[in-house]
Amino acid sequence: MSLDELRKECLDCKNCKLCETRTNVVFGIGNPNAKILFIGEGPGENEDLQGQPFVGRGGMLLDKMLSVVDLSRDKNIYIANMVKCRPPKNRDPEEDEVSACRPWLNKQIELIDPKIIVCLGRVAAIRFIDPNFKVTKEHGQFIEKDGRLVMGTFHPAALLRNPNQKPAAMEDFFALQAKIKELCPETY
Ligand code: URA
């Protein structure tokens with residue numbers, strides 16, 4: 001199965017209650033052959049309206065930080081979310097919603113087969129790295145899981161709220177760049 005075939009199936013998903021309030025399923029965007037996968041939390045209002053991840057203010061910040069380390073959703077990375085449909089009023093996705101959506105993400109990971117996964121924020125990091133993951137303490141560390149390296153860093157929305165954390169987040173992106181050059185230089 002290709003990523004496009006998976007997307008088509010996902011667009012009809014009714015596995016949880018978020019399907020009742022969504023405008024669009026936000027499947028993901030980027031290079032299907034990327035070696036780097038970024039995982040956010042879930043669509044917000046703009047993403048729900050446009051059907052694409054990270055297109056609001058947080059997305060603009062994310063794209064800017066990515067460009068500093070020569071990464072781009074148009075070129076060499078893929079971006080997805082823990083849940084593909086917007087939780088009403090941007091609340092955190094609930095456990096049953098994350099569980100219901102997880103098979104889509106698992107299949108995306110299987111098809112893209114990234115070498116490095118970057119968790120944007122706590123919601124992704126507690127599921128991919130450690131249920132007790134603390135972003136402020138453990139950001140930027142690479143951990144091996146199932147043959148891939150996984151790193152957690154600040155969520156762009158958190159950086160908009162706390163701009164004083166931007167330098168620490170940028171350090172994580174530079175560490176990522178170094179890891180890419182070591183493990184998958186074809187990214188550049
Ligand atoms: N926040 C996320 O976690 N994901 C998006 O796609 C947009 C905002």
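One-based numbering, in listed order, for ligands and for the atoms of each. Small disclaimer: the values here were computed from a predicted structure and weren't measured.
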_Show the atoms of ligand 1 that are less than 4.0 angstrom away from any heavy atom in Pro53._
6 (O)

*Those atoms of ligand 1 less than 4.0 Å from some heavy atom in Gly40*: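 In order of numbering, the contacting atoms are 3 (O).
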
_Assess whether a salt bridge exists between Lys115 and Glu182, defined as any Lys/Arg side-chain N lying under 4.0 Å from an Asp/Glu carboxylate O._
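No, Lys115 and Glu182 are not salt-bridged.
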
*Of the listed options (His155, Glu41, Glu47, Glu45), which comes nearest to atom 1 (N) of ligand 1 when hydrogens are ignored and any heavy atom counts?*
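Residue with the shortest heavy-atom distance to the ligand atom: His155.
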
*Any nitrogen or oxygen of Phe54, main chain or side chain, under 3.5 Å from a nitrogen or oxygen of ligand 1?*
yes

*Please name the pair of heavy atoms, one in Pro156 and one in Leu61, separated by the smallest distance, quoted to 0.1 Å.*
O-CD2, 3.8 Å

*Could you label the plane-to-plane angle of the Phe27 and Tyr78 rings as parallel, tilted or perpendicular, counting under 30° as parallel and over 60° as perpendicular?*
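It falls in the perpendicular class, over 60°.
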
_From CA spacing to verdict: side chain to side chain contact (heavy atoms under 4.5 Å, CB included), Lys17, Glu97_ = CA-CA 8 Å; Lys17 57 189 176 300; Glu97 296 158 356; 2.9 Å; yes

*Give the intermediate values and the outcome of side chain to side chain donor-acceptor pair (under 3.5 Å) for residues Thr187 and Asn76.*
CA-CA 6 Å; Thr187 293; Asn76 50 10; over 6 Å; no

*Specify the protein heavy atom at minimum distance from atom 2 (C) of ligand 1: its residue, its atom name, and the distance to 0.1 Å.*
Gly42 O, 3.1 Å

*How far is atom 4 (N) of ligand 1 from its nearest protein heavy atom, and which residue and atom is that?*
Asn81 OD1, 2.8 Å

